[in-house]
There are 2 protein chains.
Amino acid sequence: MAEEKLHGAIEAMKSSGVRITPQRHAILEHLIQSMAHPTADEIYKSLEGKFPNMSVATVYNNLRVFKEIGLVKELTYGDSSSRFDCVTTDHYHIICDDCGKIVDFHYPGLDEVETLAEQVTGFQVGDHRMEIYGSCPDCQKNKH
Amino acid sequence: MAEEKLHGAIEAMKSSGVRITPQRHAILEHLIQSMAHPTADEIYKSLEGKFPNMSVATVYNNLRVFKEIGLVKELTYGDSSSRFDCVTTDHYHIICDDCGKIVDFHYPGLDEVETLAEQVTGFQVGDHRMEIYGSCPDCQKNKH
DNA sequence: ACACTATTTATAAACATTACAATGTAAGAA
DNA sequence: TTCTTACATTGTAATGTTTATAAATAGTGT
Ligand SMILES: [Mn+2]
Ligand SMILES: [Mn+2]
Ligand SMILES: [Zn+2]
Ligand SMILES: [Zn+2]
């Protein structure tokens, strides 16, 4: 499944006129295989064995390119680094306050909320963001 | 109304053993009077007439103190500075993609979403965050 | 293989925020 | 009121993430 996704992503790059470089391929591969919503620096570190000379700027540059093509979504947080997610379907996230783990959470889009917000505020609504915070099963055990 | 709120906030500080300094008073006053969810730097700049020697670190320090007492909530954003909100009642925000304006949006808490997330993920949920993005009435006009 | 241009690399810079140490001061005690 | 002292402020340096820049490199169509 990851194979096909990678292949599809490469096709998307080709049809957008974006060159396929070894670094791009590796970053994309890492993103698709990772379930963990990695940071730019985590990607950078995980590839330094394969690409000892790769610059961290390359990771950031390519994540921006992937975002522009729509292959990747950036999850921003105030305190710490952004995390990156291969978009397949729309989904929300639940985040552990204790260890920072991010888990996908599928739930129908909050369309009524958007509609009401439009009526009440006069904004023309385009998007929304929702995240749930709590304690993951592992961290619950380690607490008592 | 702002008067009473400020007074209540000062009482909360007293009972938490937090000293009332002129800088603290002014920062709190600015936060309570502002509808605009200011950044630390905006607060700093707005007070430089009154306190020409105030350090920006003082603003950050005190915003942290206010957060710890529960007088203020921090709204974090990936790209840019945090914004600060005097908490009265729970509410959401709608944010203009074009000019950055933040408007309060009152809506019942998404309790069913939290409950379902708990069941599905095994997390113990404590909180959630939701924001709506779009184009504010002013920016809609300026577009045409 | 060549040419053209996008991409990578290395490094410096930008920016928000925090850490630190020295100085100043709020608030309770005497 | 004055004294005391722990807490607060200030100025500056440091941190961490992300972006900008320019020179070197390499992908792609011909
Ligand atoms: Mn995800
Ligand atoms: Mn608000
Ligand atoms: Zn956890
Ligand atoms: Zn606007």
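Every chain is numbered from 1 and lettered A, B, ... according to where its sequence line falls, protein lines coming before strand lines.
When heavy atoms are screened at a 4.0 angstrom cut-off, B:Asn62 is found touching the sugar-phosphate backbone but no base atom. Note on B:Ser82: only backbone sugar-phosphate atoms sit closer than 4.0 angstrom, heavy atoms only; bases stay farther off. Contacts of B:Ser81 with the nucleic acid, taken as non-hydrogen atoms under 4.0 Å apart, involve only primed sugar atoms and P, OP1 or OP2.
The side chain of B:Pro22 sits closest to C:dA26 out of C:dA26, C:dT9, C:dA19. Of all nucleotides listed (C:dT7, D:dT19, C:dA27), C:dT7 comes nearest to the side chain of A:Val18. Candidate nucleotides C:dA26, D:dT10, C:dT7 were compared by shortest atom distance to the side chain of B:Gln23, and D:dT10 ranks first. Ranking C:dT8, D:dT12, D:dA20 by closeness to the B:Ala57 side chain, first place goes to D:dT12. The side chain of A:Tyr60 approaches D:dT19 more closely than any other nucleotide in the set D:dT19, D:dA8, C:dT8.
Separating the CD atom of B:Glu48 from the C1' atom of D:dT10 is a distance of 15 Å, rounded to the nearest angstrom. Separating the OH atom of B:Tyr77 from the C1' atom of C:dT17 is a distance of 17 Å, rounded to the nearest angstrom. In this entry the distance linking NE2 of B:His25 with C1' of C:dA27 reads 16 Å, nearest Å. Straight-line distance from the CG atom of A:Asn53 to the P atom of D:dT25: 11 Å, rounded to whole Å. We find that CD1 of A:Ile20 is positioned 10 Å from C1' of D:dT28, with the value rounded to whole Å.
Closest heavy-atom contact between A:Ser81 and A:Thr39: CB-CG2, 4.0 Å.
A:Thr21 has a side-chain polar atom (N or O) that falls below the 4.0 Å cut-off from OP1 or OP2 of C:dT8.
A cation-pi arrangement, defined by a distance under 6.0 Å to the six-membered ring centre and an angle within 45 degrees of its axis, is absent between A:Arg129 and B:Tyr77.
Judged by distance alone, with hydrogens and angles left aside, A:Arg19 brings a side-chain donor or acceptor within reach of the base of C:dT5, the pair sitting under 3.5 Å. Residue-to-nucleotide contacts include a donor-acceptor pair under 3.5 Å from the side chain of B:Ser55 to the base of D:dG11.
Partner B:His37 forms a side chain to side chain donor-acceptor pair (under 3.5 Å) with one of B:Lys73, B:Lys101, B:His93 and no other, that one being B:His93.
Each of B:Pro52 and B:Gly17 lies near DNA chain D, and the nucleotide nearest B:Gly17 is the one positioned closer to the 5' end. Nearest-nucleotide positions on DNA chain C for B:Glu74 and B:Lys14 put B:Glu74 closer to the 5' end.
Proximity of the aromatic rings of A:Tyr92 and A:His128 is defined here by a centroid distance below 6.0 angstrom, and this criterion is met.
Surrounding NE2 of B:His106 are more than 12 heavy atoms belonging to other residues, nucleotides or ligands, all under 6.0 Å away.
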